[in-house]
Amino acid sequence: MAESRRAKLYLKYNKRDISADLSPYLLSFSYTDYASGKADDLQITLEDKAGIWNASWMPEKGATLSASLIVQHWEKEGTTKKLPLGTFEVDEIECSGPPNVVTIKAVSVPVSSSLRGEDKTKAWEKTRLSVIAKDIAKNAGLKLLYDTNYNPTYDRIEQTAESDLSFLLRLCEDAGLALKITNKQIVIFDESKYEKMAPITTITRGKSPVISYDGVSATREVYSAARVEYEGRNKKVIKYTYRPPNRPKTGKMLIINERVSSLAEAINLAKMRLRQQNKEEVKFSLTMLGDIRLVAGVTVMIKGWGKFDGKYFVETAEHSGPGYTIRLELRRVLEGY
């Protein structure tokens with residue numbers, strides 16, 4: 001007799017394996033993996049008829065959860081594969097009823113750090129984005145992976161009554177860079193680098209196990225070109241206009257009046273800011289049978305949906321169980337920038 005597909009959650013609580021204790025009570029779980037801008041989160045919903053999960057077994061806020069998703073007989077019989085979900089800290093516990101249910105919510109941003117929820121005021125002078133990111137990571141007890149060659153400079157930059165996380169995220173967005181926090185590490189990267197990677201799979205209408213889908217193609221706030229204009233202290237004006245290949249036919253020009261010290265910086269800024277503005281032009285969402293290969297930051301091909309066909313970047317991947325499904329939020333990859 002063929003073995004049926006199985007998906008189960010493997011969980012450590014403060015480094016202690018509680019998977020077996022959890023299993024009899026587990027109603028559902030979901031793990032949401034974001035490419036950038038939001039903390040990854042883990043939610044676990046438990047049956048609590050005995051009243052132990054909201055009493056003696058209630059997790060402590062700030063406790064560490066290390067999770068993995070294990071699938072058996074998924075692609076073919078006799079196989080076992082694992083998707084490490086990362087390390088999280090418990091930040092909310094909710095109980096409801098009847099029937100008695102407890103939901104544990106945890107996030108990848110350390111609750112115990114000062115990275116979020118604590119407004120700070122500080123100034124940096126004659127510095128770069130990587131230096132600011134390193135300072136913030138060190139103060140939060142995190143490592144920094146600065147995975148891009150673009151490193152904006154600042155004569156002076158101020159953080160005013162703002163949390164470290166929102167301040168750093170704002171700087172990254174202004175620079176056209178992405179920020180992710182995972183496994184006690186801040187990662188700053190250029191999404192265009194990841195968009196150039198080969199698609200890990202093709203999702204084909206009528207063949208792939210798609211449960212539902214939705215596509216949107218927008219023109220609002222989409223630009224066909226970007227122009228940088230900056231006059232330095234010596235009255236020297238640096239100008240550059242970038243028009244990407246296969247650009248939108250909106251005719252609108254994005255004007256950028258920000259400090260640049262060279263034509264090379266102007267070219268880079270124009271491309272970065274234009275792609276930041278245009279990258280949400282074509283969006284596609286899918287709910288389908290679970291696939292542990294599909295995580296935020298990879299690319300896939302979409303086929304069979306007409307004008308929506310093409311190469312897409314996975315912005316969000318939500319893995320849910322125990323009847324393992326995945327919901328993907330995708331955006332079509334931009335060409336040339």
Side-chain angles (χ1 to χ4, degrees), residues 35-37 121-138 143-160 162 164-180 185-197 221-281 297 313 331-337:
S36 176
T121 298
K122 185 177 178 179
W124 286 262
E125 294 187 358
K126 305 294 183 182
T127 192
R128 291 182 174 271
L129 176 58
S130 63
V131 175
I132 296 172
K134 187 175 181 180
D135 288 346
I136 288 175
K138 183 178 179 181
K143 295 180 180 179
L144 172 68
L145 174 60
Y146 196 84
D147 188 21
T148 174
N149 293 325
Y150 184 50
N151 199 4
T153 59
Y154 309 96
D155 286 335
R156 180 179 172 84
I157 191 79
E158 296 183 0
Q159 175 184 359
T160 306
E162 193 173 7
D164 283 347
L165 182 57
S166 61
F167 172 66
L168 185 57
L169 180 59
R170 177 165 58 83
L171 294 187
C172 289
E173 289 177 344
D174 287 346
L177 297 174
L179 182 150
K180 182 179 178 69
Q185 181 175 241
I186 295 176
V187 182
I188 295 175
F189 63 100
D190 181 354
E191 287 181 333
S192 64
K193 172 183 174 182
Y194 288 75
E195 290 177 4
K196 292 181 177 71
M197 293 183 179
E221 301 304 322
V222 173
Y223 294 81
S224 63
R227 184 166 70 242
V228 175
E229 297 181 3
Y230 181 75
E231 181 178 330
R233 293 178 181 177
N234 59 0
K235 301 300 181 180
K236 179 183 178 181
V237 178
I238 299 174
K239 292 183 179 181
Y240 175 74
T241 299
Y242 176 68
R243 294 181 174 86
N246 301 319
R247 57 186 176 273
K249 298 177 181 179
T250 62
K252 291 193 294 185
M253 177 76 72
L254 179 65
I255 306 299
I256 306 165
N257 184 13
E258 295 182 21
R259 178 188 178 277
V260 288
S261 59
S262 66
L263 179 60
E265 279 193 19
I267 292 171
N268 198 57
L269 179 62
K271 289 183 177 181
M272 284 281 197
R273 194 57 57 81
L274 186 62
R275 81 178 314 278
Q276 190 76 4
Q277 190 69 43
N278 286 355
K279 68 181 185 179
E280 304 290 329
E281 180 186 2
F313 177 81
R331 60 173 172 77
R332 191 151 66 190
V333 169
L334 297 172
E335 295 182 15
Y337 64 114

Item to check | Sequence-distant partners of Arg275, salt bridge (Lys or Arg N to Asp or Glu O under 4.0 Å), two or more places apart | outcome: Glu195
Checklist entry - Thinking salt bridges, do Glu229 and Lys239 make one under a 4.0 Å N-O criterion? => result no
Checklist entry - What is the distance from atom OH of Tyr150 to atom SG of Cys172, rounded to the nearest 0.5 Å? => result 11.0 Å
Checklist entry - Mind checking whether Leu129 and Leu168 have side chains closer than 4.5 Å, heavy atoms only? => result yes
Checklist entry - Are Tyr242 and Asn268 close enough that a side-chain donor and a side-chain acceptor fall under 3.5 Å? => result no
Item to check | Reported NZ-to-CG distance for the pair Lys252 and Leu254, which is rounded to 0.5 angstrom | outcome: 9.5 Å
Next on the checklist: For a side chain to side chain contact (heavy atoms under 4.5 Å, CB included) check, start with the C-alpha distance between Thr127 and Ile132, then their side-chain angles and the critical distance, and finish with the verdict.
Outcome noted: CA-CA 8 Å; Thr127 192; Ile132 296 172; 3.9 Å; yes
Checklist entry - Heavy-atom distance under 4.5 Å between the side chains of Lys180 and Gln185, does that happen here? => result no
Next on the checklist: With salt bridge (Lys or Arg N to Asp or Glu O under 4.0 Å) as the rule and sequence neighbours excluded, what pairs involving residues 263-273 come up?
Outcome noted: Glu258-Arg273
Checklist entry - Does CZ belonging to Arg243 count more than 12 external heavy atoms closer than 6.0 Å? => result no
Next on the checklist: Quick check for you: to the nearest 0.5 Å, what is the distance between Phe189 atom CZ and Leu179 atom CG?
Outcome noted: 8.5 Å
Checklist entry - From Leu171 CG over to Ile157 CD1, what is the distance, rounded to the nearest 0.5 angstrom? => result 5.0 Å
Checklist entry - Just by modelled atom types, is the Lys126 backbone N or O under 3.5 Å from a matching donor or acceptor in the Asp155 side chain? => result no
Item to check | 4.5 Å side-chain heavy-atom contact, Ile188 and Leu144 | outcome: yes
Next on the checklist: Surrounding CG of Asn149 (heavy atoms of other residues, nucleotides or ligands, distance under 6.0 Å), is the total greater than 12?
Outcome noted: no
Checklist outcome for this item: All heavy atoms of Leu274 vs all of Ala225, minimum pair found to be CD1-O, 3.8 Å
Checklist entry - Who pairs with Lys196 by side chain to side chain contact (heavy atoms under 4.5 Å, CB included), at least two apart in sequence or on another chain? => result Ser192
Next on the checklist: Are Phe313 and Tyr194 an aromatic pair, judged by ring center distance below 6.0 Å?
Outcome noted: no
Checklist outcome for this item: Nearest heavy-atom contact between Ala226 and Ile256 is CB-CD1, 4.2 Å
Checklist entry - With Tyr230, which residues qualify under side chain to side chain contact (heavy atoms under 4.5 Å, CB included), at least two apart? => result Asn257, Arg259, Val260
Item to check | Residues which pass side chain to side chain contact (heavy atoms under 4.5 Å, CB included) with Asp135, listed by chain and number, not counting sequence neighbours | outcome: Lys122, Trp124, Val131
Item to check | Shortest non-hydrogen contact from Thr241 toward Met253 | outcome: CG2-CE, 4.0 Å
Item to check | For Gly297 against Ala35, the heavy-atom pair lying closest together | outcome: N-CB, 4.2 Å
Next on the checklist: Does either side chain, that of Gln159 or that of Asp164, offer a donor lying less than 3.5 Å from an acceptor on the other one?
Outcome noted: yes
Item to check | Spacing of Arg331 atom CZ and Glu280 atom CD [to the nearest 0.5 Å] | outcome: 6.0 Å
Next on the checklist: Walk me through whether Tyr240 and Leu269 qualify under side chain to side chain contact (heavy atoms under 4.5 Å, CB included).
Outcome noted: CA-CA 10 Å; Tyr240 175 74; Leu269 179 62; over 6 Å; no
Item to check | Flag, side chain of Glu191 to backbone of Ala178, donor-acceptor distance under 3.5 Å | outcome: no
Next on the checklist: So, taking the atom named CG in Asn151 and the one named OH in Tyr146, what distance separates them when rounded to the nearest 0.5 Å?
Outcome noted: 4.0 Å
Checklist entry - Is the backbone N or O of Leu177 less than 3.5 Å from a side-chain atom of Asp190, with the two atoms forming a donor-acceptor pair by type? => result no
Checklist entry - Mind checking what makes side chain to side chain contact (heavy atoms under 4.5 Å, CB included) contact with Glu281, not counting sequence neighbours? => result Val222, Pro248
